[in-house]
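To find a chain, count down the sequence lines: A is the first, B the second, and so on, and within it residues start at 1.
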Number of protein chains: 6
Amino acid sequence: MLKPQIDTYMACDRPWEEAETVLFGAPFDSTTSNRPGTRFGPAALRSESYGLETYSPYQDKDLTDCAVLDSGDIELPMGSSELALEAIQERAAEILAAGKRPFLIGGEHLVTLGAFRAVYETYPDVCILHFDAHTDLREDYLGVPLSHACVIRRCWDLVGDGKIFQFGIRSGDRPEWQWGRDHVFCHPFDLEGLEDVLDQLFGKPVYFTVDLDVMDPSVFPGTGTPEPGGVTFDALRKAVTAVCSRCHVVGCDVNELSPHYDPSGASSAAAAKIVREMLLALDGSGAAV
Amino acid sequence: MLKPQIDTYMACDRPWEEAETVLFGAPFDSTTSNRPGTRFGPAALRSESYGLETYSPYQDKDLTDCAVLDSGDIELPMGSSELALEAIQERAAEILAAGKRPFLIGGEHLVTLGAFRAVYETYPDVCILHFDAHTDLREDYLGVPLSHACVIRRCWDLVGDGKIFQFGIRSGDRPEWQWGRDHVFCHPFDLEGLEDVLDQLFGKPVYFTVDLDVMDPSVFPGTGTPEPGGVTFDALRKAVTAVCSRCHVVGCDVNELSPHYDPSGASSAAAAKIVREMLLALDGSGAAV
Amino acid sequence: MLKPQIDTYMACDRPWEEAETVLFGAPFDSTTSNRPGTRFGPAALRSESYGLETYSPYQDKDLTDCAVLDSGDIELPMGSSELALEAIQERAAEILAAGKRPFLIGGEHLVTLGAFRAVYETYPDVCILHFDAHTDLREDYLGVPLSHACVIRRCWDLVGDGKIFQFGIRSGDRPEWQWGRDHVFCHPFDLEGLEDVLDQLFGKPVYFTVDLDVMDPSVFPGTGTPEPGGVTFDALRKAVTAVCSRCHVVGCDVNELSPHYDPSGASSAAAAKIVREMLLALDGSGAAV
Amino acid sequence: MLKPQIDTYMACDRPWEEAETVLFGAPFDSTTSNRPGTRFGPAALRSESYGLETYSPYQDKDLTDCAVLDSGDIELPMGSSELALEAIQERAAEILAAGKRPFLIGGEHLVTLGAFRAVYETYPDVCILHFDAHTDLREDYLGVPLSHACVIRRCWDLVGDGKIFQFGIRSGDRPEWQWGRDHVFCHPFDLEGLEDVLDQLFGKPVYFTVDLDVMDPSVFPGTGTPEPGGVTFDALRKAVTAVCSRCHVVGCDVNELSPHYDPSGASSAAAAKIVREMLLALDGSGAAV
Amino acid sequence: MLKPQIDTYMACDRPWEEAETVLFGAPFDSTTSNRPGTRFGPAALRSESYGLETYSPYQDKDLTDCAVLDSGDIELPMGSSELALEAIQERAAEILAAGKRPFLIGGEHLVTLGAFRAVYETYPDVCILHFDAHTDLREDYLGVPLSHACVIRRCWDLVGDGKIFQFGIRSGDRPEWQWGRDHVFCHPFDLEGLEDVLDQLFGKPVYFTVDLDVMDPSVFPGTGTPEPGGVTFDALRKAVTAVCSRCHVVGCDVNELSPHYDPSGASSAAAAKIVREMLLALDGSGAAV
Amino acid sequence: MLKPQIDTYMACDRPWEEAETVLFGAPFDSTTSNRPGTRFGPAALRSESYGLETYSPYQDKDLTDCAVLDSGDIELPMGSSELALEAIQERAAEILAAGKRPFLIGGEHLVTLGAFRAVYETYPDVCILHFDAHTDLREDYLGVPLSHACVIRRCWDLVGDGKIFQFGIRSGDRPEWQWGRDHVFCHPFDLEGLEDVLDQLFGKPVYFTVDLDVMDPSVFPGTGTPEPGGVTFDALRKAVTAVCSRCHVVGCDVNELSPHYDPSGASSAAAAKIVREMLLALDGSGAAV
């Protein structure tokens, strides 16, 4: 008897009961200020994953050994950020309520807010580790407070000072940088100094959000606002492995892949491989949920 | 003394005082349900216009003789349809208040609502002539009433039954088509029968909205939701000429050009030429504002 | 409890027991002689279907009323045509054994041979209705008999003279055309004369194979060997509707969509819409399996 | 013993002594006013020809029977129109001196002037048959008289009034159209009325120049200035067949293919097929050189 | 009262009287020997600048504080290098005559010659600092001396030996490299050793010309002749900052962006950011004009 | 007298008798598991070579001094790996029989097997030096033993343990990596340690196979399965120069360029330059055949 096809990120088809980490996609990009198209990110990332192997020679681990379920995409309405965020929050809350770790795939960076709201309800003392090219600390963008350019500021509205740690930032307007100095820890330009922050975060619940444009556009051209001067793939790979294996990651996301600006598929491949390395490092870490 | 560069649609640089028609762009696409990118439409249409001539051999008229001002784009915030519509309405109202005709270039089709609200305030008995592949008559789209898939329904909220005339429609869900039968005049698939409607509209104020995807994707691939089975360029060209030269067009728009899906520029060229033919036909028509 | 995502052609998710038509994809293109990439055709066609509506204003029918299951893609090995054809034949045979109609989505045209072998075993008197730009009647292509350029010849090996009816053919080498005159019915260049053939085929089991490049490249650029001079979308739409509603179609396929040469998505949209119209016409036709 | 590869238009490899028609390419586009890239036209046209067949079912003829040599491209310097035209003229003159017919493949339309100068020296009473979207009748373009927008005007400088017959023209500035009415025969928009002109040209030497943008951009997007409203492929195919089989064509060219704006290859395929049909019609016509 | 839209590089809209640096574009590429399209460079660079911020975290400066006017593009005729160079020279001379610094945006590299001629007239002892992948030292290119492959040689015709300093060069034919050893200072492959040259140039008037293909194609694919083995974005960013803040730059240019070969926009973004960093470093430098 | 055009890799047109190295192309990609299109690799690499110079400033050598013949492409049938491999083997054997060095340009990596079979017959003690992102050590791929994912395993079938040296490998499934540890020397991730292996191989016959995807996708996006984390162009350039100048290279190949996924041409340029550097290093090396 034939059954319909199931399209998940490769090898992430554990039953709900067994899964420790649950992937879900949020194909939403209504507030993107430059080139849109991250709504196509989750599908491209999943599809490209089949060009990779489940085995990582970097970690000598295989995804077939990991307890991960890809629960698919949420159907989100373009044009209403609040409805979209509610739906994302609801999905993340359902995953958290079952004692599992939500792993969100964007979509534009605003989707983080939905997942983070749910995580914050469960872990009120959660810290945020934020890799990005942009500060995302604006109070509003052309009058709109729910914008991908404001998402970390919206998270700060919840957690307040001293809880947000940024790396790789190389773009933002002057007021954002000025505000940031007083309210968040910001390491600009690259991922140096991460070790110290990981020491500092030891044992604490961490939400880890990766805007893939932290990578240089040479490595990751498929994004809405390419910012030259970013980090290499290997630098990001090593950093996410360190974070996911050493931190108590209670939720995470990877976002801002816009595949229509990536004719070679190299950006989707980079995104898919970062997700693979994160999943492998999360699995069996002492810091499991 | 050097002045900054001014980029307008070709030859549309009349002073405000002289202009009878005023172009303005609304680079907005937050509610697009399929491929986004119409935010880049106004810029592409203007840029491509310089590959055309100001002279039309079809009408034996020249744009340099026409009283048109291109007033540029409005800066619109992605992520807030209501703010965007207010800004569009405000611009259209300013043009109307000066006794001129607003000519809006989208952006997604939702932008029509902003311009139409202003026109409707000035001309409460206005009719709508609507060329499109899609009915755009949904009550809401995934819970969002301000969506490009609902824009004509939102206009109907204002004008009610018997005022909306649709041509070229070839897509929509079943309830839309059923609702449409009772509330609007819909000529499906092509532009036949337009002459009769033009007779019927003679002397009445008309808002004319052209979703360029009424053309077949072979002619106009650069749009978010290509719908095979549309009309040819020549059919549309003749129809818009008839409408603009015979109707009392008090406002109009052309929308849904998404240039990033148009690598050859052919869609931008088609859009730019339709605008040229409309401007030429509007000029000096007995039906001037 | 969250379940993994299921990606089917829109609305084709009936349970196996209820389904009358069963879609399946064959992402295979190893023998393509010009531009490859039809392996990505089934996924693109499914994905694009969500930009369409389930309702067809042409037929006033809705796919949600039809008993169709999309059973997904077969995993096929590139580099071995025989292994691929066996797997396709096996799937088709399973569908036929359950009294259902197999509907194959290619992939290159060679995949037809796999499905047709199964159909021929069940219906030894089956006729073939073939829409294409190319004759596909070569004995071999550079020494390879299992090639997309030979697929109809391979079918003829099974059914012999008088059983194959071709329409739209406009390319082939001289020996193919000469051989064809003696062995198949070939209507060149367009779809005229189809009505007579449909009369002739009334009540007989028919396998219907649609190489989408029968359409003009203006409508359908996303294919490996664009052949200018083809039919319009509307001509093809009407023809497939006639075939599927009037013939006893016991199996069918749609093939040769190569989406990487289709940056606007217009070809995927055309393919998806042809499939919709075929499914709607097949449903409830007096000629059901 | 291995020899280097020879890349010609398919099947056009007759020895010089036998050849009646000699192809040559002029990869030049320095004066293109909009999108450049026709320098890549000859190579793309040749390469795409291998996706076609040598046999035409339209004419029931095969290129392997025709006495054609493809003599390759001339190496032309970008930045000097005069040097380029001299090199083209020299090649054409060499072909004419041997009693053969030059068949030039552009490049931008200016290259016609080089070939035509040679033809005009040999046939001072030659007429010009010109298919194009644009009049190309400007006296100069931004002060430059050797421009692709002026090429037919430069030919008129040689032949004077009454010798130039234009078809398909749908673009030009007002002075060009006005000038044209007094000096050339211009049939606008399509290819109707060609039969009468062919009757008129019977027996006279004709230079036939085909700017491929006479076709609609839906069929032929790969060109620098897409002009919607052009003719279909079949209309052009029939017209070039009529011209080449009925006229005394003493030289000809096909130009303005810009393949980098043609991701599907459909434009290159259309160009290659037009060349095939022209070569087949030229061969053995009573009007041979 | 509505005014027409003004499109400048972001924030560069100071009145002429206040401006210390004046940007202008030269959309010209007639002599490009490989892929053309740099004519679209200035428009793409300006448009992409709106995806950046006016604030640079590298220099902690903001463009809104700088006295820069973008005076738009010059209309240049394709096909006549001499006319184009005259127009460029005239614009640069006008800027210099007002005591301001001309900042040219190409277009192909030949445009440098126009600006440099004007600078050389004002500063006869000017030195040239040249970043590029190519030597550009040919005496002529296929007989054409005004070619982008000869532009630095043409500048040498003016300044003679010992005035030209090249960095990053990694391509050229053998005679160019041999000639260069005797006549210019050439640092091949990268930007090492720049500090020493800057010391040497201290206080002297310098014309600074940046062919963006000095960057590696991974960072900057959007150029006509990609040369693997180039420098990183950060290396170039630091070098241009050093040059512009430490040298007496009396004129400069940035050229060879060809945006149609840059589907992601990453090259335009890199170009726009290099311009931003140059403008910020030029502003208030002790070395102002 | 005009002769047909000859298209070779730049400057590689020595007569057969003089040539020491003979290039040939194998445009085959039937077994590619992810994105196909390497069949277009040889043509793109040759065409792009004309954008390079024959002179290398890295080695201070010029290709015009080297005894190389480009013998063009073999016509290969898609769909039959065995027929294709036989044709490749035959060509390589003919070159070897004449005492020359075969230099194969792919095509997918499977083509290596054809050339290597011929080399192995002539040099039964040959070693293999293998640069790649992938192990290519699978016993079969979905049941197909002749696959690009199995090519080095097929070579091992001939040479056995201890003869294969891999560098740059960063992808493969777990069993491949495990099998590899026992049977081949594998240096993962980069090209470090090459010097030691070159010492070890001194004087021995070596077949050198370069899968260009050993480079990072930022440098080389135009390939079927982009694997982030690869080596830079300069690292590869230095390594191939070392191998070709120090080893006794009796045959070699460069493969897996898929130009349709490389809109900027940067990948073709990188491939063409690697070939140039290899040819220059091979020429006059003490290790000549």
**Student:** Please classify the contact between A/Asp234 and chain F as side chain, backbone, both or neither, with a heavy-atom cut-off of under 4.5 Å.
**Tutor:**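 Side chain of A/Asp234 only, per the 4.5 Å heavy-atom cut-off to chain F.
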**Student:** If you count heavy-atom pairs within less than 4.5 Å of chain A, which of F/Glu227, F/His134, F/His260 leads?
**Tutor:**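 Option with the top pair count is F/Glu227.
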**Student:** Check whether A/Tyr55 gets within reach of chain F through its side chain, its backbone, both or neither, counting any heavy atom under 4.5 Å.
**Tutor:**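 Both backbone and side chain.
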**Student:** Please classify the contact between A/Tyr58 and chain F as side chain, backbone, both or neither, with a heavy-atom cut-off of under 4.5 Å.
**Tutor:**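 Contact with chain F: backbone and side chain both.
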**Student:** Is it true that A/Ser218 and A/Asp216 share a donor-acceptor pair across their side chains at a distance under 3.5 Å?
**Tutor:** yes
**Student:** Do you see a donor-acceptor pair shorter than 3.5 Å between the side chains of F/Glu256 and F/Thr223?
**Tutor:** no
**Student:** In a check of side chain to side chain contact (heavy atoms under 4.5 Å, CB included) between A/Asp211 and each of A/Val254, A/Thr112, A/Asn255, A/Asp253, which one passes?
**Tutor:**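 Exactly one candidate clears the test, A/Asn255.
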**Student:** Please determine, among A/Gly51, A/Ala266, A/Pro57, the option with the most heavy-atom pairs under 4.5 Å with chain F.
**Tutor:**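 Of A/Gly51, A/Ala266, A/Pro57, A/Pro57 has the most heavy-atom pairs under 4.5 Å with chain F.
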**Student:** Do you know which of A/Leu52, A/Val219, A/Asp62 has the most heavy-atom pairs with chain F at a distance under 4.5 angstrom?
**Tutor:**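 Highest number of pairs under 4.5 Å: A/Asp62.
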**Student:** Consider only side-chain N and O atoms of F/His109 and F/Asp132, and report whether a donor and an acceptor are under 3.5 Å apart.
**Tutor:**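 Yes.
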**Student:** If I measure from the heavy atoms of chain A, does F/Asp173 come under 4.5 Å with its side chain, its backbone, both, or neither?
**Tutor:** both
**Student:** Side chain from CB out, backbone as N, CA, C, O: work out which of these in A/Thr64 comes under 4.5 Å of a heavy atom of chain F, or both, or neither.
**Tutor:** side chain
**Student:** Please name the residue in the list F/Phe116, F/Phe131, F/Phe165 that meets the ring-ring contact (aromatic ring centres under 6.0 Å, His included) test with F/Phe208.
**Tutor:** F/Phe131
**Student:** Okay, side chain of A/His148, backbone of A/Asp29: is any donor-acceptor separation there less than 3.5 Å?
**Tutor:** no
**Student:** Does the side chain of F/Ser56 pick up a donor-acceptor pair with the side chain of F/Glu277 at under 3.5 Å?
**Tutor:** yes
**Student:** Pick from F/Pro217, F/Gly229, F/Gly224, F/Ser33: which one has the most heavy-atom pairs with chain A under 4.5 Å?
**Tutor:**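 Most pairs with chain A among the choices: F/Gly229.
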**Student:** Report which part of F/Pro263 has an atom under 4.5 Å of a heavy atom belonging to chain A: side chain, backbone, both, or neither.
**Tutor:**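 Side chain only.
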